[in-house]
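Just below is one structure, and these are the notes that go with it.
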Amino acid sequence: MAKKSFSTVNQLQREIMRRANEALKNEVKDYVEGKMKSHVEKDVYATYSPVEYERREANGGLLDDSNIRDVVHDRTLTVYNETHVEGPRLDHKEYKNPDGLPRLLESDNIRNPWTHKRYRWMSPRPFMTNTQKDINYRYADIVEMLRKRINHDTTK
């Protein structure tokens, strides 16, 4: 790739920001989504096996790529999961949102819609919170992805 030259600091700054956004849209997004899926497996699906229903997993569930959304705006990447609650509908307005299932799983205020007993599935399974903690702990990986893209942009 040919080297670029810039005649003003503003042009250089715009190019650096463009490359940073490209890294966020590509390498960093893939990294964060991978961490999220790992935490779904570990923090949600590995905690117990349901007997009343089959999990949707990658077929409309938490691991389905069509439920994982990302937005890059002004050098900020936001990755979130929009899996809705299925089955018996819980009477709570938050759970009817597109991201109802992640909200339900993160919550420690889960109500059993059938009985008043407490079950293992009612405990919080904070996969989003744990994903954020994991990313914060391993921020050097993201810094390296950004550095590589800024120093050697692969887009044209």
* To do: Would you check, one step at a time, whether the test side-chain hydrogen bond (donor to acceptor under 3.5 Å, both in side chains) holds for Tyr31 with Asp141?
  => CA-CA 9 Å; Tyr31 176 82; Asp141 294 342; 2.9 Å; yes
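- Counted by atom type alone, Asn10 and Thr8 present zero donor-acceptor pairs between their side chains at under 3.5 Å.
- Within the model, atoms CG of Leu77 and CG of Leu24 stand 5.5 Å from one another, a figure rounded to the nearest 0.5 Å.
- Atom CE of Met128 is separated from atom OH of Tyr80 by 10.0 Å, given to the nearest 0.5 angstrom.
- Surrounding CZ of Arg55 are more than 12 heavy atoms belonging to other residues, nucleotides or ligands, all under 6.0 Å away.
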* Please step through side chain to side chain contact (heavy atoms under 4.5 Å, CB included) for the pair Asp134 and Thr131, ending with a clear verdict. => CA-CA 5 Å; Asp134 194 6; Thr131 299; 5.7 Å; no
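- The two residues Glu27 and Glu22 make their nearest non-hydrogen contact at OE1-O, 4.0 Å.
- Looking only at distances, a side-chain donor or acceptor of Asn21 sits under 3.5 Å from a matching main-chain atom of Arg75.
- Taking each heavy atom of Leu105 and Leu62 in turn, the nearest pair found is CD1-CD1, 3.4 Å.
- Across all their heavy atoms, His84 and Arg56 have their closest contact at O-NH2, 2.8 Å.
- Residues forming a side-chain hydrogen bond (donor to acceptor under 3.5 Å, both in side chains) with Ser5 (at least two apart in sequence, or on another chain): none.
- The side-chain hydrogen bond (donor to acceptor under 3.5 Å, both in side chains) test applied to Gln132 returns Asn136, not counting sequence neighbours.
- Nearest heavy-atom pair, Ile135 versus Ile142, reported as atom, atom and distance to 0.1 Å: CG2-CD1, 3.5 Å.
- At least one side-chain heavy atom of Asn26 sits under 4.5 Å from a side-chain heavy atom of Arg149.
- Here the closest non-hydrogen pair linking Asp43 and Phe127 is OD2-CA, 3.7 Å.
- One finds the NE2 atom of His39 at 10.5 Å from the OG1 atom of Thr129 (value rounded to the nearest 0.5 Å).
- For Asp30, the salt bridge (Lys or Arg N to Asp or Glu O under 4.0 Å) test picks out no residue, with sequence neighbours left out.
- Within the hydrophobic cluster formed by Ile, Leu, Val, Met, Phe, Trp and Tyr side chains joined at under 4.5 Å, directly or through other members, Tyr137 stands alone, with no partner residue.
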* To do: Apply the test side chain to side chain contact (heavy atoms under 4.5 Å, CB included) to residues Glu144 and Lys148: give CA-CA distance (whole Å), side-chain angles for both, the deciding distance (0.1 Å), then the verdict.
  => CA-CA 6 Å; Glu144 182 61 17; Lys148 283 181 179 176; 3.3 Å; yes
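- Between Glu15 and Arg18 there is a salt bridge, since at least one side-chain N of the basic residue sits less than 4.0 Å from a carboxylate O of the acidic one.
- For the pair Arg103 and Glu106, the salt-bridge criterion is not met [side-chain N within less than 4.0 Å of a carboxylate O].
- Note: Leu104 CG to Thr83 OG1 = 11.5 Å, rounded to the nearest 0.5 Å.
- Between Arg125 and Tyr48, the shortest heavy-atom distance links the atoms NH1-CE2, 3.3 Å.
- Every pair passing salt bridge (Lys or Arg N to Asp or Glu O under 4.0 Å) that includes a residue from residues 62-74 is listed here, sequence neighbours excluded: Lys37-Asp65, Arg69-Glu82.
- Cluster note: Tyr139 groups with Val143 through ILVMFWY side-chain heavy atoms spaced under 4.5 Å, whether in direct contact or through intervening members.
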